[in-house]
Amino acid sequence: MRYFFKLNVMSCIYAFLFFLHAESLVNVYRLERIMNWTGIYHALNWANLALLAVSLILCYWLSKRLVSGLAFNTSCQQRFRLSGKA
């Protein structure tokens with residue numbers, strides 16, 4: 001159950017990072033209209049690039065941490081051996 005919880009938390013984080021990218025790209029013209037800043041396209045391009053780099057590093061680190069612990073396949077193999085079926 002703990003593995004399932006970790007997997008769901010990780011998928012929620014991935015979905016939220018994707019949501020941040022999509023919303024910032026979709027709302028560029030609204031931000032430009034509100035702030036009256038014509039150079040917002042370049043600033044948001046750099047901000048999205050930085051957010052993408054941080055999210056990729058975060059996703060890699062979280063995936064590595066989840067897999068390095070007690071992996072699902074390892075625990076299933078241990079249960080299978082303990083039951084005497086192997």
Side-chain angles (χ1 to χ4, degrees):
M1 188 69 176
R2 189 173 187 173
Y3 179 81
F4 182 71
F5 179 71
K6 284 182 181 179
L7 189 63
N8 280 332
V9 168
M10 234 172 61
S11 65
C12 288
I13 292 171
Y14 291 161
F16 181 70
L17 291 173
F18 175 73
F19 174 76
L20 284 178
H21 286 288
E23 284 298 313
S24 65
L25 291 174
V26 168
N27 290 321
V28 168
Y29 85 95
R30 289 184 184 143
L31 291 170
E32 181 185 13
R33 188 181 64 202
I34 290 170
M35 296 171 48
N36 291 327
W37 186 20
T38 57
I40 198 165
Y41 293 107
H42 299 294
L44 279 179
N45 282 338
W46 285 107
N48 275 330
L49 186 63
L51 186 63
L52 177 68
V54 168
S55 63
L56 286 175
I57 291 169
L58 180 69
C59 291
Y60 174 75
W61 180 72
L62 283 174
S63 299
K64 188 176 176 181
R65 257 190 87 177
L66 181 69
V67 173
S68 69
L70 183 60
F72 181 72
N73 292 334
T74 306
S75 64
C76 285
Q77 289 171 358
Q78 288 173 353
R79 286 183 196 151
F80 191 68
R81 285 188 203 135
L82 291 175
S83 65
K85 295 180 181 178

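- Among residue pairs with one or both ends in residues 12-26, those qualifying as side chain to side chain donor-acceptor pair (under 3.5 Å) are Tyr14-Ser63, Glu23-Asn27, Ser24-Asn48; sequence neighbours excluded.
- Clustering ILVMFWY residues whenever any of their side-chain heavy atoms sit less than 4.5 angstrom apart, transitively, puts Leu62 in a cluster other than the one holding Phe18.
- Hydrophobic clustering (side-chain heavy atoms under 4.5 Å, transitive across Ile, Leu, Val, Met, Phe, Trp, Tyr) groups Met35 together with Val28.
- Listed by chain and residue number, Leu49 satisfy the side-chain contact (heavy atoms from CB on, under 4.5 Å) test with Trp46 (two or more places apart in sequence, or in another chain).
- If you take CD1 on Ile13 and OG on Ser55, they are separated by 11.5 Å, rounding to the nearest 0.5 Å.
- Remark: Asn8 engages Phe4, Ser11 in a side-chain contact (heavy atoms from CB on, under 4.5 Å) (not counting sequence neighbours).
- The CG atom of Leu17 sits 9.0 Å away from atom CG of Leu56, with the distance rounded to the nearest 0.5 Å.
- Grouping the Ile, Leu, Val, Met, Phe, Trp and Tyr side chains by contacts below 4.5 angstrom, directly or via other members, places Leu7 with Trp61.
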